[in-house]
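Worksheet: one structure, shown below.
Sequential numbering from 1 along the given sequence is applied to the chain's residues. Only heavy atoms go into these numbers, but all of them, side chains included; no hydrogens, no water, no symmetry mates.
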Amino acid sequence: MRYSDGQADGPSGTDTDHGKDGHEGRNENQDGGRREGRDGGGYLLANRQTEAGERFDAFAALFDPTTFRHLEGLGVGPGWRCWEVGAGGTSVVSWLAERVGPTGTVVATDIDTSLIAGAARPPVEVRVHDVGAEEPPGEGFDLVHARLVLVHVPDRERALRSMIKALRPGGRLLLEDADPALQPLLCPDEHGPAEELANRLRHGFRRLLADRGADLSYGRRLPRLLREAGLHQVEADAYFPVTSPACTVLEFATVRQIRARLVAAGLATDEEIDQHLANVASGTMDLTTAPMISAWGTKP
């Protein structure tokens with residue numbers, strides 16, 4: 001779960017084949033595919049790459065407060081049955097497990113469960129699952145949540161239908177996804193060569209994501225999609241960090257993870273990437289991510 005833009009452009013390796021700034025959303029599947037992200041060489045931001053854990057930790061630092069605020073507002077509590085789609089890391093799964101307690105259930109799914117396997121103890125069940133291609137792992141859920149996931153799923157429509165199908169009447173759906181097209185820059189304050197280079201590399205990253213099927217403007221569509229799917233009481237908001245230490249961590253991890261692909265595609269040289277990483281390490285730039293849009297509604 002959980003790019004954007006790599007950033008939020010999403011996590012890539014999320015429940016779908018992902019298809020995850022990035023995530024993130026995979027992402028920009030917007031990726032939807034990030035894939036799906038397969039380009040001969042596999043996922044663009046796969047969970048098993050060494051940088052994936054760093055990216056998920058950064059996502060948690062950036063987006064957990066927003067996610068937890070929404071989950072609290074939806075009333076998650078003891079005894080609830082929850083499905084965490086494209087879990088990726090463990091922060092949201094652990095929060096849900098504490099809230100639902102021993103009488104509840106948290107089903108955490110992903111196409112690659114390597115980073116959440118350690119959370120598989122009551123009330124958490126961890127399952128390998130592709131939300132864009134398989135039937136839901138159960139029905140009658142009180143809550144279904146996905147963060148930076150659908151943007152990376154090739155068949156987003158099927159995934160959305162599956163998540164709604166899994167809810168009980170009166171159950172709540174919370175979807176959170178990136179919208180890189182709404183704010184495409186790594187450095188909105190582009191006041192010098194370092195920021196110009198950063199934004200050019202970010203453009204290259206999004207090119208890679210888009211080439212894998214990412215929908216770079218998916219986030220803004222969430223409220224309409226929930227209404228069209230028949231949900232009631234639909235609301236939405238957005239979170240956009242202007243600068244944060246977590247954005248720096250996320251950028252380091254993301255660039256290292258996609259470096260070879262940027263060079264192979266002719267989107268950057270090794271020298272440019274080295275210069276960019278040095279610029280980021282200097283701490284003199286304000287780095288951001290794509291906005292994360294959260295939308296929620298109730299199944300009638």
Side-chain angles (χ1 to χ4, degrees), residues 3-12 20-31 34 37 39 41 44-45 49-59 61-63 148 151 178-212 214-217 219-220 238-292:
Y3 110 173
S4 262
D5 280 244
Q7 305 256 297
D9 299 357
S12 196
K20 200 214 222 176
D21 232 226
H23 251 234
E24 56 187 247
R26 292 269 331 60
N27 230 343
E28 290 196 354
N29 240 301
Q30 283 170 112
D31 210 359
R34 312 155 179 279
D39 74 334
L44 183 63
L45 296 164
Q49 290 178 276
T50 56
E51 297 86 1
E54 297 172 35
R55 294 182 68 251
F56 286 128
D57 288 344
F59 287 138
L62 286 168
F63 302 122
L148 303 177
V151 76
D179 195 315
L182 197 60
Q183 195 298 102
L185 303 177
L186 178 63
C187 298
D189 182 18
E190 189 180 88
H191 65 88
E195 290 76 16
E196 292 172 3
L197 175 60
N199 287 337
R200 183 157 59 81
L201 292 184
R202 175 51 56 85
H203 176 73
F205 174 47
R206 287 177 171 155
R207 274 278 304 279
L208 293 176
L209 288 169
D211 288 347
R212 288 160 177 77
D215 178 354
L216 304 187
S217 58
R220 74 191 70 179
Y239 172 69
F240 171 47
V242 175
T243 188
S244 165
C247 291
T248 300
V249 173
L250 187 57
E251 180 64 7
F252 270 123
T254 300
V255 171
R256 292 200 306 272
Q257 203 164 358
I258 65 171
R259 176 177 190 140
R261 300 260 172 81
L262 286 171
V263 174
L267 297 170
T269 65
D270 278 315
E271 293 74 20
E272 288 172 329
I273 293 173
D274 286 338
Q275 182 60 62
H276 173 61
L277 292 175
N279 293 341
V280 172
S282 72
T284 59
M285 297 192 297
D286 292 319
L287 308 182
T288 186
T289 71
M292 182 180 76

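- Residues Arg202 and Thr289 form no side-chain contact, since every pair of their non-hydrogen atoms from C-beta on lies 4.5 Å or further apart.
- Distance CG/Asp179 to CZ/Arg220: 4.0 Å, rounded to 0.5 Å.
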_Leu197 vs Asn279, test: side-chain contact (heavy atoms from CB on, under 4.5 Å). Steps then yes/no._
CA-CA 9 Å; Leu197 175 60; Asn279 293 341; 4.2 Å; yes
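- Here the straight-line distance linking atom SG of Cys187 with atom CD of Glu251 works out to 8.0 Å at 0.5 Å rounding.
- Residues Asp286 and Val242 have side chains not in contact (no heavy-atom distance under 4.5 Å, counting atoms from C-beta outward).
- The CD1 atom of Ile258 lies 5.0 Å from the CZ atom of Phe205; values are rounded to the nearest 0.5 Å.
- Of the inter-residue distances, the one linking Leu250 atom CG with Phe59 atom CZ reads 5.0 Å to the nearest 0.5 angstrom.
- Atom CE of residue Met285 and atom OG1 of residue Thr243 lie 10.0 Å apart, to the nearest 0.5 angstrom.
- For the pair Asp270/Arg259, a side-chain contact is recorded, criterion being any heavy-atom separation below 4.5 Å from C-beta on.
- In this structure the side chain of Arg261 never reaches within 4.5 angstrom of the side chain of Asp211, judged on heavy atoms.
- Legend: residues meeting side chain to side chain donor-acceptor pair (under 3.5 Å) with Glu196, ordered by chain and number and at least two apart, are absent.
- We find the CD-CG distance between Gln257 and Leu262 to be 11.5 Å, quoted to the nearest 0.5 Å.
- Two residues are said to be in side-chain contact when any heavy atoms from C-beta on lie closer than 4.5 Å; Thr288 and Leu185 fail this criterion.
- No donor-acceptor contact under 3.5 angstrom links the side chains of Glu195 and Asn199, judged on distance only.
- With a 4.5 Å cut-off on side-chain heavy atoms, Leu287 and Val280 count as touching.
- Nearest heavy atoms, Pro180 versus Ala290: CA-CB, 3.5 Å.
- Between Leu201 and Leu186 there is no side-chain heavy-atom pair separated by less than 4.5 Å.
- A heavy-atom distance below 4.5 Å is found between the side chains of His203 and Arg207.
- Pairing each heavy atom of Gln183 with each of Pro291, the nearest pair is CB-CD, 3.6 Å.
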